[in-house]
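Written out below as structure tokens is the structure these notes cover.
Residues: numbered from 1 along the sequence shown. Everything numeric here is computed off the predicted structure, so don't read it as measured data.
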Amino acid sequence: MTKYIAFLFSLMIIVSCGSSTAKYPSIDLLKHGFSISVQAPVDAKIESDDFGVMKELTIQSGEEYNVQILKSNSNTTVVADALRGQMKMVKTDRYFTKVIEEHDNGFIFEKDIDGNINYDFRYVKLIGDQEYIYQTGMMGTYTEEAVRTMYESVQ
């Protein structure tokens, strides 16, 4: 029993030390109907909407943090397939210019909107039969640094 308690205590220390490097605290989104958590500023405003086949959650704080999460039933159990669909959709957008960085679950990309360079991301998470698509909020323009911060906050 003592070894078990010591193990749990050690695990708690390791986990808390690892999270101390996070830019924002973790926020559980279960009370909003999303069984996930993200790292977000403590003053972030969270709004949700239900469109029937899809639910949307927006987490916003100031001009530099605006994450939108779309939740729907997944058509696949393979993250790579869902991510490939997101990449295809992004690349067909007329403002898309290039992918900046790619990862197993997401990517950061650049857009040129009438001469104004803007950045965005997509991050995919599959939990059970639910698909969560993370991206920047619909309103606003974001620097590459702001998008990297948002991208890292949802991983």
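M139 and N66 make their closest contact through O-ND2, 3.4 Å (heavy atoms, listed as atom of the first residue, atom of the second, distance). The minimum heavy-atom distance between L126 and T76, with the atom names listed, is CD1-O, 3.8 Å. In terms of heavy atoms, V124 sits closest to A82 at CG1-CB, 3.7 Å. Across V79 and D104, no two heavy atoms sit closer than the pair CG1-O, 3.9 Å. Closest heavy-atom contact between I27 and A40: CD1-CB, 3.5 Å. When every heavy atom of F34 is checked against every heavy atom of K71, the shortest pair comes out as CE2-CB, 3.5 Å.
Contact check on E131 versus K125 returns no salt bridge, with no Lys/Arg side-chain nitrogen under 4.0 Å from an Asp/Glu carboxylate oxygen. Remark: K45 does not engage D43 in a salt bridge, criterion side-chain N to carboxylate O under 4.0 Å.
Annotation: side chain of K91 is in contact with side chain of V99 (closest heavy-atom distance under 4.5 Å). Between S26 and V38, the closest side-chain pair of non-hydrogen atoms is not below 4.5 Å. Counting only heavy atoms from C-beta outward, the side chains of D120 and V147 never approach each other to under 4.5 Å. In this structure, the side chains of L57 and Q68 stay at 4.5 Å or more apart for every pair of heavy atoms. Side-chain contact check for E56 versus E47: every heavy-atom pair is 4.5 Å or farther apart. Looking at heavy atoms from C-beta onward, Y134 lies out of side-chain contact with R122 at the 4.5 angstrom threshold.
Taking hydrophobic clusters as Ile, Leu, Val, Met, Phe, Trp and Tyr residues chained together by side-chain heavy-atom distances below 4.5 Å, V90 shares a cluster with M54. Hydrophobic cluster membership differs between I127 and L70, with clusters built from Ile, Leu, Val, Met, Phe, Trp and Tyr side chains linked at under 4.5 angstrom. In terms of hydrophobic clustering, with Ile, Leu, Val, Met, Phe, Trp and Tyr side chains grouped at heavy-atom distances under 4.5 Å, M150 and I117 are assigned to a common cluster. A continuous path of hydrophobic side-chain contacts links I133 to F107 [ILVMFWY only; heavy atoms under 4.5 Å]. V154 and I100 fall within a single hydrophobic cluster, where Ile, Leu, Val, Met, Phe, Trp and Tyr are joined by side-chain heavy atoms under 4.5 Å apart, directly or via other members.
Under the salt bridge (charged side-chain N to carboxylate O under 4.0 Å, His left out) criterion, E152 pairs with no residue at all, not counting sequence neighbours.
Between the S153 side chain and the Q39 main chain, a donor and an acceptor come within less than 3.5 Å of each other. With hydrogens and angles disregarded, a donor-acceptor distance shorter than 3.5 Å links the side chain of N118 to the backbone of Y142.
T58 OG1 to Q135 CD: the interatomic distance, rounded to the nearest 0.5 Å, is 9.0 Å. The line from CG of D112 to OG1 of T97 is 6.0 Å long, rounded to the nearest 0.5 Å.
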Taking it one step at a time, do D49 and K55 satisfy side-chain contact (heavy atoms from CB on, under 4.5 Å)? CA-CA 6 Å; D49 213 341; K55 292 183 181 185; over 6 Å; no

After noting the C-alpha distance and the side-chain angles of I69 and V67, does the key distance pass the side-chain contact (heavy atoms from CB on, under 4.5 Å) rule? CA-CA 7 Å; I69 307 168; V67 172; 4.0 Å; yes

Using the ring-ring contact (aromatic ring centres under 6.0 Å, His included) rule, take H103 and Y151 through it: C-alpha gap first, then chi angles, then the decisive distance, then the call. CA-CA 11 Å; H103 303 272; Y151 183 83; 5.4 Å; yes

Could you walk me through whether N116 and T141 pass the side-chain contact (heavy atoms from CB on, under 4.5 Å) test, one step at a time? CA-CA 9 Å; N116 295 313; T141 56; 6.0 Å; no

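Between F109 and F96, the ring-plane angle classifies as tilted under the 30° and 60° cut-offs.
At least one test fails for K111 against the ring of Y95: distance under 6.0 Å to the centre or angle within 45° of the axis.
A ring-centre distance under 6.0 Å is not found for Y119 and F121.
A donor-acceptor pair shorter than 3.5 Å cannot be found between the side chains of Q155 and N105. In this model, a donor atom of one side chain and an acceptor atom of the other lie less than 3.5 Å apart for Y132 and S35. S74 and D129 share no side-chain donor-acceptor pair at under 3.5 Å.
Residues in residues 39-78 take part in these ring-ring contact (aromatic ring centres under 6.0 Å, His included) pairs, two or more places apart or across chains: Y24-Y65.
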